Amino acid sequence: MLKIWYYGGVSYMNDAPSYFDNVYEDEWIEDPFVKEMIQDVDSSTVISAHIIESPILGPITPKELSGGVKVLILMLKDDSFVYNLTNCGNNCAKWVLKIAEQKDLTVYLQYMIRFEGEFEIQIMNTGKIVHNRKEYVLGLIEAERLMDER
């Protein structure tokens with residue numbers, strides 16, 4: 001299940017993209033699920049653990065991937081921290097949900113990322129579980145209101 005802390009309540013990794021650059025492993029990049037994320041989010045093709053073909057940048061290393069895909073890979077492969085989902089754009093939303101289907105995933109968020117369809121997300125600030133976009137938006141508004149009251 002995906003658990004979201006909205007605007008506070010938890011310590012989180014502040015600079016996950018830089019952290020990724022120093023800890024990623026070749027095996028992570030060669031994982032078929034990770035290759036699919038990189039293709040979808042960055043429109044880039046993994047050639048090997050050390051070479052990724054970007055349509056804009058040409059051949060790059062994993063260190064040149066977008067911050068969003070780096071955070072997704074860390075969420076999947078490294079449980080050391082709560083990661084800041086604010087580093088990710090809306091193009092990462094479906095991948096966050098897919099990762100949360102594989103494991104219990106807690107993230108920190110500062111904006112309303114666009115989740116689509118049916119899902120199960122717990123807004124940690126309130127404890128409420130939401131199942132669709134409308135419930136999700138109302139849940140985040142309630143969490144924000146609670147933060148403002150404090």
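Predicted model only: the values in this text are computed from it and were never measured.
- With hydrogens and angles ignored, the 3.5 Å screen pairs a side-chain donor or acceptor of Lys70 with a backbone N or O of Lys63.
- Closest approach of Arg114 and Asn90 over heavy atoms only: N-OD1, 2.8 Å.
- Trp5 places none of its side-chain heavy atoms less than 4.5 Å from the side chain of Leu109.
- In this structure, Asn22 contributes its side chain and Ser18 its backbone to a donor-acceptor pair below 3.5 Å.
- The closest donor-acceptor contact from the side chain of Gln122 to the backbone of Ile129 lies at 3.5 Å or more, if one exists at all.
- Of the possible polar contacts, one joining the Asp42 side chain to the Ser66 backbone as a donor-acceptor pair under 3.5 Å is found.
- Contact of the Val69 side chain with the Val34 side chain is not registered, since no non-hydrogen atoms from C-beta on lie closer than 4.5 Å.
- Here the straight-line distance linking atom CZ of Phe119 with atom NZ of Lys94 works out to 15.5 Å at 0.5 Å rounding.
- One distance of note links CZ of Phe115 with CD1 of Ile4; it measures 4.5 Å at 0.5 Å rounding.
- Looking only at side-chain heavy atoms (C-beta outward), Trp95 and Cys88 stay at 4.5 Å or farther from each other.
- Placement of Met124 and Ile99 in two distinct hydrophobic clusters is found when ILVMFWY residues are connected by side-chain heavy-atom separations under 4.5 Å, directly or transitively.
- For the pair Thr86 (side chain) and Gln110 (backbone), a donor-acceptor distance under 3.5 Å is present.
- A distance of 10.5 Å separates CD1 of Ile47 from CD1 of Ile60, quoted to the nearest 0.5 Å.
- Remark: Phe33 CZ to Asp31 CG distance equals 8.0 Å, nearest 0.5 Å.
- No continuous path of hydrophobic side-chain contacts links Ile123 to Val10 [ILVMFWY only; heavy atoms under 4.5 Å].
- Residue Ala49 comes nearest to Asp26 through the heavy atom pair CB-CB, 3.6 Å, listed as atom of the first residue, atom of the second, then distance.
- Between Tyr12 and Tyr108, the ring planes lie parallel to each other; the angle is under 30°, not in the 30° to 60° tilted range.
- Considering Arg145, Met112, Glu135 as possible partners of Leu140, the one that fulfils the side-chain contact (heavy atoms from CB on, under 4.5 Å) test is Met112.
- Of all non-hydrogen atoms in Asp40 and Asn91, the two that sit nearest each other are OD2-O, 4.3 Å.
- Put simply, the side chain of Lys3 never gets that close to the backbone of Asp104: no donor and acceptor are under 3.5 Å apart.
- Closest non-hydrogen pair, Ser44 versus Ser54, comes out as OG-CA, 3.4 Å.
- Put simply, Val82 and Met75 are part of two different groups of oily side chains (I, L, V, M, F, W, Y) that touch within less than 4.5 Å, one to the next.
- For the pair Cys92 and Val71, the minimum side-chain heavy-atom distance is 4.5 Å or more.
- Ring geometry for Tyr83 against Phe81 counts as perpendicular: the plane angle is over 60°, on a 0 to 90° scale with 30° as the lower cut.
- Here the side chains of Val23 and Trp28 are in contact, with some heavy-atom distance below 4.5 Å.
- Distance CD1/Ile52 to OG1/Thr45: 9.5 Å, rounded to 0.5 Å.
- A pairwise comparison of heavy atoms in Gly89 and Ile113 identifies O-CD1, 3.5 Å as the closest pair.
- Note on Leu74 and Tyr24: same hydrophobic cluster, where clusters join Ile, Leu, Val, Met, Phe, Trp and Tyr whose side-chain heavy atoms are under 4.5 Å apart, directly or indirectly.
- Atom NZ of Lys35 has more than 12 heavy atoms from other residues, nucleotides or ligands within 6.0 Å.
- Once rounded to the nearest 0.5 Å, the distance linking CG of Asp78 with OH of Tyr19 reads 3.5 Å.
- The shortest non-hydrogen separation linking Tyr111 to Leu85 is CE2-O, 4.2 Å.
- Residues Leu57 and Ile29 share a single hydrophobic cluster, defined by chaining ILVMFWY side chains whose heavy atoms lie under 4.5 Å apart.
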